[in-house]
Amino acid sequence: MTAEIRLFPCLADNFGALIHDPATKATAAIDVPEAAPVIAALEREGWTLSDILVTHHHADHTQGIAELKAKYGCRVTAPHDKLTPIADADVRVREGDTVKVGNLVARVLETPGHTLEHISYMFDKEHALFCADTLFSIGCGRVIEGTPSQMWASLVKLRALPDDTRVYCGHEYTLANIKFALTIEPDNAALKARAVEAARQRAEGKPTVPTLLGEEKKANVFLRADVPEVAAAVGLAGKSAAEVFTEVRERKNKF
Ligand code: ZN
Ligand code: FE
């Protein structure tokens, strides 16, 4: 039996996500921006919450933990985080650890940059990556606690995953990301195709997520800092990928 994944909007532009194992009936929420939409999604499916997998400490990813834990008695898995402890965590995980949700297995990837403790969860068998505020569709998270080089290294780590990986990110930011990306790569055919597709999805009231990692590699400028054309486009031909990434991220901050 294959895992089932549900995605639903939370707060202004966050995503809530559930992954369910039909064999054991275990269900995990990946980040919980708020409790109510998570409860509603569970009730729609007739599922009960066994786990919460937390990616990082920001309130828009953790605010629902206390209420959901009280309601379901679920286990909370969170990153090791010396600086900003995540309350109510039962299990702390780091690079290379695995987390079981029933019979489903997620591999923990440390992806620092947005925050220092940010982790992503890769369900290899399901080809599903939950990367919250590290990698967005056609974007990446703001570098708040880490350094741009650290963020670039995290994105390179995610980029190494298989092309058929479905990318579940933390926010619906795709249209704004595309608008910016086109200022750097106006002639990127994959990006232009993504612009058309995402505009249609939003017009139909659908999320632009998940997206395929293989498509992101072609269209997401933040995964392309080591492409010579991108370096040239920001006036840094011949410079290191980390320098190019830093410049692109800086331009997005001001955009
Ligand atoms: Zn965040
Ligand atoms: Fe966030």
Side-chain angles (χ1 to χ4, degrees), residues 5-19 28-38 41 52-68 76-89 92-95 106 108-122 128-155 157-158 166-178 180 198 202 207-211 216 220 222-223 245 248-250 252-253 255:
I5 297 174
R6 298 290 181 271
L7 196 70
F8 46 91
C10 290
L11 302 175
D13 52 34
N14 281 76
F15 286 118
L18 296 175
I19 185 163
I30 296 90
D31 285 342
V32 284
E34 50 181 339
V38 177
I52 297 174
L53 309 183
V54 184
T55 61
H56 68 295
H57 67 85
H58 285 160
D60 65 312
H61 298 255
T62 57
Q63 273 167 166
I65 294 175
E67 188 180 337
L68 290 165
V76 178
T77 299
H80 279 278
D81 53 356
K82 290 197 181 69
L83 285 181
T84 43
I86 293 161
D88 297 309
R92 303 276 178 180
V93 291
R94 54 167 46 111
E95 181 77 24
V108 174
L109 303 169
E110 289 181 355
T111 49
H114 176 68
T115 65
L116 288 175
E117 94 290 17
H118 195 300
I119 57 175
S120 300
Y121 295 92
M122 178 65 190
L129 169 71
F130 294 88
C131 51
D133 293 359
T134 297
L135 173 64
F136 294 128
S137 181
I138 320 296
C140 76
R142 253 174 208 278
V143 181
I144 298 172
E145 294 179 2
T147 64
S149 306
Q150 212 172 20
M151 187 60 143
W152 170 244
S154 294
L155 292 172
K157 184 189 279 188
L158 296 182
R166 280 169 297 159
V167 179
Y168 291 87
C169 52
H171 291 266
E172 178 63 72
Y173 287 160
T174 311
L175 290 186
N177 288 341
I178 289 169
F180 167 74
R202 296 308 290 148
T208 61
V209 173
T211 171
E216 289 298 317
N220 187 337
F222 292 97
L223 294 178
F245 173 81
V248 174
R249 187 57 255 182
E250 201 52 47
K252 175 68 165 69
N253 293 347
F255 184 69

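Atoms within each ligand, like the ligands themselves, are counted from 1 in listed order. Here the structure is a predicted model, which is why all the values come from computation and not from measurement. Below, each value reflects all heavy atoms present in this structure, side chains not excepted, and no hydrogens, waters or symmetry copies.
Ring orientation note: the planes of F180 and F255 are nearly perpendicular, at an angle over 60° on the 30°/60° scale. Between H171 and F136, the ring planes are perpendicular. Angles over 60° get that label, and only those under 30° would be called parallel.
Between the side chain of Y173 and the backbone N or O of C140, no donor-acceptor pair lies under 3.5 Å.
Between H57 and E145, some side-chain heavy-atom pair lies under the 4.5 Å cut-off. At a threshold of 4.5 Å between non-hydrogen side-chain atoms, the residues L155 and F245 count as touching. The side-chain heavy atoms of D133 and H61, taken from C-beta on, include a pair separated by under 4.5 Å.
For H58, the N, O or S atom closest to the Zn ion (ligand 1) goes by the atom name ND1. The N, O or S atom of H56 with the smallest distance to the Zn ion (ligand 1) is NE2.
Taking backbone and side-chain atoms together, H118 has no N/O/S atom less than 2.8 Å away from the Zn ion (ligand 1). Note on D133: counted as a metal contact of the Zn ion (ligand 1), an N/O/S atom lying under 2.8 Å. For the Zn ion (ligand 1), the set of nearby N, O or S atoms under 2.8 Å includes none belonging to H61.
Put simply, the angle at the Fe ion (ligand 2) from OD2 in D133 to NE2 in H171 is close to 110°, to the nearest 10°. Taking the Fe ion (ligand 2) as the corner point, the angle from H61 atom NE2 to D60 atom OD2 is about 90° (rounded to 10 degrees).
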